[in-house]
Amino acid sequence: MDMELEAYLRPPEMPMVPYPPKVITLATSGKMIVRQVDRDAVPILLEAIKPTFEVARDYYDIVGVRLYAELLGWYRYRVRDEFCLVGQIDGLLVGIVNTRCYSPELGMSLHTLAIERGLRIGAHLFAAKMEYSFEYLRQEEVLITAESPIGFRRWMIEYGLEKRDGQHELGGATPYALTRELYFRNKSRLVAGERPVPLELMQVAEREIIVASEEDILEKILGVKRREI
Amino acid sequence: MRPVVIAGVGMIPFERRDEDSLVDMLAMAGLKAMDDANLGDRPVDAVYVGNMASGLFNHQVSVASALVDRLNLMPAAADRIENGPASGGSAVKNGFLAVASGYCDIVLVVGGEKMREVIGPKATDIVACMTHPNAEYIYGVTLPALAGMFTRLYMEKYGVTREHLTMVAVKNQENGLLNPYAHIQMKITMEGVLTHPQAHVNSPVVADPIHLYDCCPVSDGAAAVLLTTEDIANELKRPIVTIAGVGQATDTHTLQERSDPTDLKAVTIASQKAFSMSGIKPKDIDVAELHDAFTILEIAESEHAGFFSKGQGAKALAAGETQIGGKLPINPSGGLKARGHPVGATGVAQVVELVWQLRGEAGKRQVKGAVNGFSLNFGGFGNNVIAFVLRSKS
């Protein structure tokens, strides 16, 4: 690699304080660890995203391929100031979220991918990335768009987001904004999690990001297990 | 009246079924019931379809006519029966009357609804069309709103607590795990949806005091039963499960007009009629399928149907009497809470579950030695209720 040219191609990086991990007790009593991952984790995340590429249901295909590209771009230093949080239950990867910092003041929420469904995993992880933007990165506003009806209900309706002029970086529907004021108004209702994470739970999460088989991922997303009845 | 036998039952898994149309689902369930009955080439005299709102959900009406054509059952008579969430129960009742009266010998009853074609808030709005247009709907009243107000009153009057409501949800979702046809296949815990300091994020308020996990899901699905005479059932060599009792009763359209809104008179009267006709008493029932669209309803219905005195349903629940293996298992299928509630299908699905239980074919959720079963299909907010008592003669 020509590192001289590479130096031109790599975007500069804004320093970010780390996101402290937390544990969320789910409706099942399962303990979901939400933690930040660095670039090294990206290859295993990409493996988990691949099975969604042909799942049209709930726009998983669009979310999947775009998230894949965003994480790959970050991994290979072609996307600026991105962060990624994951959700794990007993080490198993159950969801991924990412955001790009457009500036120190403005976050650009990118994608939320729930692999396990029916437990508000996506809602919990979305709330976590907003928590990171407002409480740790101290941003003033995060721009949000939705590609699926579920996303629209979870973000625009549940948080009562404010409409904004212009475009979101994803180039989709009219952007909405979560402001600091809106975030803190909704926090007690929508943001869960306890810190510090007990050591034994954290060790399991950090030891390995376990990715379910392609068949299991599709079954979780599509709910097709029982079609033989 | 002639005895009426349920010779065949069929059902498709309740879930979100994007790729199936409503008529597809009705046909699949109907074929299963006819196959289960060993019907062969015998002609079906009539088809009754329980469906609440295909015109609104799917922009399709006359679904009974479409179904007889799809199943090649012409020239069988065909009617769609609409009675809100009790449409399925009403369809079974009409099928029962057709056979019992001698008007028909073989009747196929199918209940179905495809609700996930619209988004959740729209589905809630369509279901809310059953409320009074001028006294309820225009003020934003939905079924969860009515259930919230009813729950608050019931809690105050009878000491029901949110712990009791959550016990219903936990029990029925656990039962749903034993039922491959159930929409919700997930065990929840008291900690996860009630007692943990952050459980309110997992189970947010829908209509206080009702939370997310107090509500049934919005589902697609269909279920079917084949009704006939005892003689024909014997020829078909199927186990004999009879509809021993049928009861139906109505109440005021609006909840506010009832002298005591916590008194579900139509449930009491419909149940009494069904028990009276069957000669079977509540204490003789081995398994019950109640209409738990909201958790409070399982408790309230178990009292109004005569299984427990007022105020004792929650105590029986807490004592484990309504679990599988308890004194009176309620909703071993998972009920509406876990099996799902495609509104037109529910009343038929309840009867299908009872038949499986009374034949000993309910698999891991089997109630041992079940002979007598009871189902209750709750239309409106208790303004049109249908009850059945089923008996196994095999």
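Heavy-atom distances place no part of B:P217 under 4.5 Å from chain A, backbone and side chain included. Within the 4.5 angstrom heavy-atom criterion, no atom of A:N186 approaches chain B.
For A:T25 against B:N202, the heavy-atom pair with the smallest separation is O-ND2, 2.8 Å. Of all heavy-atom pairs spanning A:R57 and B:R16, the tightest one is NH2-O, 2.8 Å. The two residues B:V201 and A:R189 come nearest to each other via the heavy atoms CG2-O, 3.6 Å. Looking at every heavy atom in both residues, B:M186 comes nearest to A:G118 through CE-O, 3.5 Å. Of all heavy-atom pairs between A:S188 and B:H200, the closest is O-NE2, 2.7 Å. Annotation for A:R153 and B:G120: closest pair NH1-N, 4.0 Å, computed over non-hydrogen atoms.
When the shell of 6.0 Å around OH of A:Y136 is examined, it contains more than 12 heavy atoms from other residues, nucleotides or ligands. Heavy atoms from other residues, nucleotides or ligands lying under 6.0 Å from CG of A:D90 number 12 at most. For CD of A:E215, the number of neighbouring non-hydrogen atoms (other residues, nucleotides, ligands) closer than 6.0 Å is 12 at most. Within 6.0 Å of CD on A:E194 lie more than 12 heavy atoms contributed by other residues, nucleotides or ligands.
Each of B:V193, B:I188, B:T189 was scored for a side chain to side chain contact (heavy atoms under 4.5 Å, CB included) with A:S29, with one residue passing: B:T189.
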Practice task
For the pair B:Q198 and A:H124, evaluate side chain to side chain donor-acceptor pair (under 3.5 Å) and give the outcome as yes or no after the intermediate values.
Solution key: CA-CA 12 Å; B:Q198 294 180 332; A:H124 283 311; over 6 Å; no
